[in-house]
Colleague: 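Starting off with a structure, shown below.
In the text below, chain A, chain B and the rest are named by the order of the sequence lines, each starting its count at 1.
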Amino acid sequence: MIKRRKDELTELRSRGIETFAYEFDITSNSKKIKDEFVDDEKKEVKIAGRIMALRKMGKASFAHIQDEFGRIQIYLRKDDIKEQYTAFKLMDIGDIIGVEGYTFKTKTGEISVHVTNLTLLTKSLRPLPISKETVDEEGNIVIHDQFADIELRYRQRYVDLIVNPEVRDVFVLRSKITSAMRRFLEDNGYLEVETPILQPLYGGAAAKPFVTHHNALDTELYLRIADELYLKRLIVGGFNGVFEISKDFRNEGMDKTHNPEFTMMELYVPFKDYNWMMSFVEKMILNICENVFGKTKFNYDGMNIDFAPKWKRVSMIEAIEQKTGVNVLNADEKTLKDTAKKLGCDISEINGKAKLIDEIFSIAIQPELIEPSFVIDYPVELSPLAKKHRNIEGVVERFEGYVAGREICNAFSELNDPIDQKKRFDEQARFKAEGDEEAHQIDNDFIRALEYGMPPTAGLGIGIDRLVMLLTNQTSIRDVIFFPQMKNITK
RNA sequence: GGGCGCGUAGCUCAGUGGUAGAGCAUCUGCCUUUUAAGCAGAGGGUCGGUGGUUCGAUACCACCCGCGCUCACCA
């Protein structure tokens, strides 16, 4: 099949036709033509696009070409374009062409372009897995033989984007969401910064890192699992609010909500605490919903969600107590284990009160948090970088945002007491010694930074991929990442 | 990593212990308002890979590769 197309390419070239042109100026596009069409007005247009459907008939032909905004029909007649028509007969579905012509409406009422000049822009050598569309009695578009192999769609996203236009829409929305978020953060006076991806120590989250090696320094480096510790160093340095939108990397399993590399937004604002941050998150999400979607009510996987403030606030400890009757802060480890077992958790590999509490929470409470909610005040052992609660013993000033039973953000009043921070790191080191692979590393330079003094600071992390999933109603993270991680195949 | 399922033409899929089929796509011819264009004809497959059972395997068995669902893991 590819050979046949190469033969066509040779034939076109022998006629002096450029098969990979250099440029083409356009004056319109498929959508604009349809939007601005007025009956009986022959408007001159120049458009370019990929041939997606072809109906060649002797001395006249119809085709649909597709550009970024959709498809439009073109009409070509031998009488009009002479020898270009002969060349057109050597063109295929998949070829990219530029056409000049005037708009009109066919007998059957389809707005089309009557071509007066045809230019081949790119000859396509590989056949597209093209599908066909029909319209049923109720006006629904029925797609036949759609390119549907999930594996191939991810591996060859370029093909997916050509033949499944709704895929493009999700990624356009993704871009608009990050763009709206960035604008909102900038409008609030915060500075977008970049910090190291290659780090000699990893930190800021509980996760296993990817390890790499720097040859010249002959040293191990880690791909960051979070931006946190560097951004807080910048707050020490005196910036009045910094944020970073970038990839983090975690060396863990992959599933519908986890990709080894994913996009995180982290924000640190001095002189603020987690209460302030909660309302800031509400405002930011509201802003994105309104600016990108013009609404606050969404449906996600059958669940109705309204992002309008004010989100529910739920104390983690109180929520568990209400549900199970156990106050997990005061309970001993045995009570926690019994509670967890009663809920059906497999606790054979869970050690320590904090992790048990976390497990109980994820089983008993998390799935019920459908409407946007903040879960507040976490056990101190789970949060080595968060500040102790000003009133409640044993917990930190931390919240996580949950929507549709999924975590979408994590934030706290940042721990800025270097002596306490040192203690927390030491505690994490003990966990590590006891076999917790994800315990935090000790970062002495970070402690040194805190010793110079970091103002009281509120910090936030939002998983962009998961936020985009929620707002675009996608249930797999792979559908909001252009090139999700796949196993290598040697072919 | 465990369990279940899947892998047949470019795409979507049927199929059988006797060496493979459909529609669309492709190619040839006809066709100047078609639209899943039409009509007439044609080509196209190491049936995911490697072994095994068998006279004979795409089918049965084992292993491997890849994918999906799910569980585990995972702030």
Side-chain angles (χ1 to χ4, degrees), chain A residues 1-5 7-8 52-64 71 73-81 85 89 92-94 104-110 112 114 126-136 141-156 159 163 204-208 225-226 248 250-260 262 264 345-346 348-350 354-355 358-359 361-362 366 375 378-379 382-386 398 400-402 406-412 437-438 440 461 463 466 475-476 478 486-491:
Chain A
M1 259 177 157
I2 293 176
K3 186 187 173 298
R4 274 203 281 271
R5 293 204 171 195
D7 292 344
E8 285 171 349
M52 296 302 284
L54 259 182
R55 291 176 293 283
K56 295 180 186 174
M57 305 170 291
K59 300 188 181 64
S61 295
F62 286 91
H64 275 95
R71 292 185 186 185
Q73 181 169 260
I74 61 170
Y75 175 54
L76 308 99
R77 285 203 315 196
K78 191 168 188 184
D79 292 348
D80 302 324
I81 57 172
Y85 191 79
K89 292 215 151 185
D92 290 297
I93 288 176
F104 77 111
K105 203 178 242 182
T106 63
K107 273 183 188 168
T108 48
E110 180 162 352
S112 310
H114 192 129
R126 206 175 269 276
L128 277 176
I130 204 75
S131 56
K132 293 203 169 191
E133 293 178 2
T134 45
V135 181
D136 66 17
I141 292 173
V142 182
I143 299 172
H144 303 265
D145 302 333
Q146 183 168 33
F147 179 57
D149 185 304
I150 291 176
E151 177 184 358
L152 284 178
R153 288 180 52 203
Y154 293 146
R155 288 192 193 275
Q156 298 172 21
V159 176
V163 302
K208 289 173 224 164
I225 57 172
D248 287 344
R250 297 188 186 174
N251 207 340
E252 291 158 354
M254 292 154 53
D255 59 32
K256 280 182 145 184
T257 56
H258 296 81
N259 195 62
F262 60 100
M264 184 78 110
C345 306
D346 174 17
S348 50
E349 288 179 19
I350 300 174
K355 294 230 164 187
D358 196 34
E359 185 66 21
F361 171 76
S362 13
Q366 186 174 335
V375 175
Y378 285 66
L382 286 175
S383 319
L385 302 164
R398 169 181 175 182
E400 289 190 341
Y402 283 87
R406 294 144 183 265
E407 180 204 333
I408 62 153
C409 70
N410 182 20
F412 23 91
E437 283 185 82
E438 289 167 355
H440 211 285
R466 292 182 185 178
T475 53
S476 170
R478 298 176 145 202
M486 303 287 279
K487 279 195 195 173
N488 243 329
I489 43 173
T490 43
K491 241 184 194 170

Colleague: May I ask you to evaluate whether A:Lys132 reaches the phosphate of B:A37, defined as a side-chain N or O under 4.0 Å from OP1 or OP2?
Modeller: yes
Colleague: Quantified in whole Å, what is the P atom distance between nucleotide B:U34 and nucleotide B:A20?
Modeller: 42 Å
Colleague: What's the closest nucleotide to the A:Glu110 side chain, out of B:A75, B:U34, B:C27?
Modeller: B:U34
Colleague: Name the residue closer to the 5' end of RNA chain B, choosing between A:Gly58 and A:Glu400 according to the nucleotide with the nearest heavy atom.
Modeller: A:Gly58
Colleague: Specify the residue among A:Ala63 and A:Phe412 whose closest nucleotide of RNA chain B lies further upstream toward the 5′ end.
Modeller: A:Ala63
Colleague: Does A:Lys56 NZ have over 12 foreign heavy atoms under 6.0 Å away?
Modeller: yes
Colleague: On a whole-Å scale, what distance lies between the C1' atoms belonging to B:U53 and B:G1?
Modeller: 31 Å
Colleague: Is there a donor on the side chain of A:Arg398 or the base of B:A75 sitting less than 3.5 Å from an acceptor on the other?
Modeller: yes
Colleague: Under 3.5 Å, side chain of A:Ser476 to main-chain N/O of A:Arg478, donor-acceptor pair present?
Modeller: yes
Colleague: When you measure from the side chain of A:Lys107, which nucleotide among B:C31, B:U34, B:G68 comes out closest?
Modeller: B:U34
Colleague: If I pick the P atom on B:A22 and the same atom on B:A42, what distance separates them, to the nearest angstrom?
Modeller: 12 Å
Colleague: Please list, pair by pair, any protein nitrogen or oxygen found under 3.5 Å from a nitrogen or oxygen in nucleotides 11-14 of chain B.
Modeller:
{"residue": "B:C11", "atom": "O2'", "partner": "A:Asp145", "partner atom": "O", "Å": "3.0"}
{"residue": "B:U12", "atom": "OP1", "partner": "A:Ala148", "partner atom": "N", "Å": "3.2"}
{"residue": "B:U12", "atom": "OP1", "partner": "A:Asp149", "partner atom": "N", "Å": "3.1"}

Colleague: Would you write the dot-bracket representation of RNA chain B, where each base gets (, ), [, ], | or . depending on whether it forms a Watson-Crick or G-U pair under 3.5 Å and with which partner?
Modeller: (((((((..((((....[..)))).(((((.......))))).....(((((..]....))))))))))))....
Colleague: As a test of the definition: with a 90° window around 0 for syn, would you call B:U19 syn or anti?
Modeller: syn
Colleague: OP1 or OP2 of B:A36 versus the side-chain N and O atoms of A:Arg55: is any pair under 4.0 Å?
Modeller: no
